[in-house]
Structures are given as structure tokens and as C-alpha cells.
Colleague: 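Let me begin by handing over the structure; questions about it come next.
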Amino acid sequence: MQKMSGRKRPCRAGTEKMIVLGIESSCDETAAAIVEDGKTVLSSIVSSQIDIHHRYGGVVPELASRKHIESIGPVVHEAVRKSGIAASGIDGMAVTQGPGLIGSLLVGFSFAKGWAWSRDIPIVGVNHLEGHIHSVFIGDDPPVFPFVALLVSGGHTGIYHVISHIESALMGQTRDDAAGEAYDKVAKMMDLGYPGGSILDQLASQGDPGKIRFPRPYLDKNEFDFSFSGIKTAVNRYIQTHPDEYREQTADIAAGFQDAVTDVLSFKLIRAAQEMNCRHIAVVGGVAANNGLREKIRSRAAEHHLSVHIPPLELCGDNAAMIAAAGYHYLKAGHRLPLNADVYSRIKKE
Ligand code: KG4
Ligand code: ZN
């Protein structure tokens, strides 16, 4: 048996709506969502584990898997209930296959395979990063192909040239820390708590970005790779050399750090759009929730007459609606997950 197949209702494009159940469990969120035609969210449930990992200052993989096991059933059940769609009305399924924490991925992946197999509905595996990119297709203002997407999360930072729903090319990525990881580490250095991104973002709004200046590592200005560990180290050096004053200056440090990170991210995104001759740009992933980044990209894009697409806050962090949105296009294109398919922790090399 190579493919999971079988369909209870015909769901040909243009003739009938396709209802997809998405499942996401790659890190510390257990999520399920029901999405119609890859763009209309009927329900989206996200069960966060922040309370569990908070006290350790980061995600503890073993605890994450155990919590996913407890949550997955109730979360999927709740998503189906809230959507108002009967389980028999689900036309297809999409589940995150990787990259992520293996133990966490396995919980959602195995659950989804079992659900699809027992109900005889088609299922596809979705790359988590493609899921994030599809968060901009939810709603009424999708970008026009081809476009350039900046993906900024806790595990990845990269720029993609997105050609179609199922084709994209990586233009550049971080050589060390992901942007969200740098946020989390800087927040930890200042004892601000976990996850640090939103805490630093809020603090930055109360500080002066011009008071303490941190380096902008543009690397080669015509290339699209990033490096954030230097900014992080510069913040650390500042803290070490100002052990008494820095506690009074956390807002200015946060503002200076955020200004440096968002300068580099917005510069490279706009350069990438120019390079590829694209008029539409997107910003996705957990760090796309950052107020400083959203504002800076919107204002710089306006100067260059680019159309900006950034998802609403609830679709920036990990969620299953984006997985269902991406999976919809793979299902429509006839992709199916072989029953013996496995999860992967790192990005697959084609
Ligand atoms: O996409 P996501 O939920 O999970 C991954 O796939 O990694 O991203 C989580 C990351 C964390 O590093 C978190 O600190 C960061 O997104 N983040 C933010 C903000 N909200 C979340 N970073 C900066 N500003 C924010 N407002
Ligand atoms: Zn993510």
C-alpha cells in the first residue's frame, strides 16, 4: 500500500468546497484547525505549553512530547466541534511532517495518520516553513505570485522566492541564530523571562533606539544570508561592561537591539524583492508579530511601492490553520502521504 486515498465527497476545484483538517505539533504548541479552500478558517485551536517550559527558560523536548500526547485528542476534537462541520464532512488532512522536534512531530503525525487511515480520507505531510508562508493566504488579501517572503521564527530565518503554492526557492538564511532565537537569548541575558520576543518587543516600545547602538551585520549587501549572533554578543558585552547601569536601561537596550535586528531584516527583504522584480512581499513566522518589524517594513515598503502582506497576530506564531492552508494545495495537486512516511527534524534536501 503506497498511498492513502479514498474520498467521501468529490472536491474538485471550482465545483465544491474542500474542507481540510490541519494538525501542527512541531515544537511547543499543539494545534488543530479546520480550513475551507485553503483560505477560510472555520476553527483554529492552539494549546500552548509556555507555562510548562517557562520555568526552564526554553523548550524541554521530552516534556513537550508528553504534553502533546495529552493535548492532541482534545485539541482536534475541539477544532472539529467549533467548526460546525461533522467529522464525516472533512475532505482531507494536512499534518506537519518537519522540521521540528522529533518527539513532538511524531505525536501529531501519528495521530493524523491514524485519523485519516481509519476514516479513509486523503492526507498530506506539510513542511512547517511552507505552512508559515501560507499564513498570508488566509483572508482576503493574498500576495500575488511570484513574491518574496521573509520567514522569521524561533528556529528559522530566511528569505524565499515564492513561485506558486507548492514551489519556492530559498534565497538566503541565517548562518547562526534565528532572529527569534536571538530575541529569546537576549531576553534571557537580561532575566526578562521566556519566550523573550514579545517581552523585548513591548519593552522596546518604551525605550529610545538611538541611545545604545548595536551593530548591523549586513554581510554582503547583495546576498541574502543573515547573522544575528554578533548583535546578541554585542548586547551581552554591553551588559557585562555596564553591570550596575544596565538594569535601569533595559528599555533602551531592547529598543537598540530591536532597531538593529529590524534594520537588517527589512533591508534584505526589500533588496530581495528588487532583485527578483517582485511587487509583493510577505513577512511570516513568530517574529512577524513584532511591532517594530511590522512598522518598519510597512514604511520602507511604501517608499519602494511594494505591497506588504503580514498575517494577523494569531497566525504569526505556530498554528494549524497555516498547515491546512498549505496542505490544501498539495491535496489539490494530487500529493498523498505514503503510509510508511516518517517525520524529519531538519529541512529535507531536495
Ligand atoms: O513561529 P514560531 O511560533 O515558532 C517557530 O517555528 O520557531 O516563533 C517563535 C519565536 C520565538 O523565538 C518568539 O520569541 C518569537 O517568535 N516572537 C517574537 C515576538 N513574538 C514571538 N519575536 C519578536 N517580537 C515579538 N513580538
Ligand atoms: Zn513555526
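For ligands, and for the atoms within them, numbers begin at 1 and follow the listed sequence.
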Colleague: Would you name the N/O/S atom of His132 that lies closest to the Zn ion (ligand 2)?
Modeller: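 Considering only N, O and S atoms, His132 comes nearest to the Zn ion (ligand 2) through NE2.
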Colleague: Can His132 be said to touch ligand 1, with heavy atoms closer than 4.0 Å?
Modeller: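 Right, His132 reaches ligand 1.
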Colleague: Which one holds for His128 and ligand 1: side chain close, backbone close, both close, or neither close, with close meaning a heavy atom under 4.0 Å?
Modeller: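 Contact part for His128 vs ligand 1: side chain (C-beta onward).
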Colleague: Looking at Asp318, pick out the N, O or S atom nearest to the Zn ion (ligand 2) and give its name.
Modeller: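 In Asp318, the N, O or S atom with the shortest distance to the Zn ion (ligand 2) is OD1.
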Colleague: Kindly give the atom name of the N, O or S atom of His128 closest to the Zn ion (ligand 2).
Modeller: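 This turns out to be NE2.
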Colleague: Using a 6.0 Å distance limit plus a 45 degree cone around the ring axis, check whether Arg119 lies over the aromatic ring of Trp115.
Modeller: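 Yes, Arg119 lies over the aromatic ring of Trp115.
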Colleague: So, is Gly285 polar-close to ligand 1, with some N/O to N/O distance under 3.5 Å?
Modeller: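 It does not: no N or O of Gly285 is found under 3.5 Å from an N or O of ligand 1.
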Colleague: Checking salt bridge (Lys or Arg N to Asp or Glu O under 4.0 Å) between Asp263 and each of Arg216, Lys268, Arg213, which is the one that passes?
Modeller: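 With Asp263 as partner, Arg216, Lys268, Arg213 yield a single salt bridge (Lys or Arg N to Asp or Glu O under 4.0 Å), made by Arg216.
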Colleague: One residue to check: Asp184. Relative to ligand 1, which of side chain, backbone, both or neither has a non-hydrogen atom less than 4.0 Å away?
Modeller: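 Contact part for Asp184 vs ligand 1: side chain (C-beta onward).
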Colleague: Think Lys188 forms a cation-pi with Tyr194, using NZ or CZ under 6.0 Å from the six-ring centre and within 45 degrees of its axis?
Modeller: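 Output no; distance or angle outside limits.
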Colleague: Is Gly155 in contact with ligand 1, taking contact as a heavy-atom separation below 4.0 Å?
Modeller: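 Yes, Gly155 has a heavy atom closer than 4.0 Å to ligand 1.
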Colleague: Any nitrogen or oxygen of Pro195, main chain or side chain, under 3.5 Å from a nitrogen or oxygen of ligand 1?
Modeller: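 N/O-N/O distance under 3.5 Å: no.
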Colleague: Is it the side chain (CB and beyond), the backbone, both or neither of Asp201 that lies under 4.0 Å from ligand 1, heavy atoms counted?
Modeller: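 Just the side chain.
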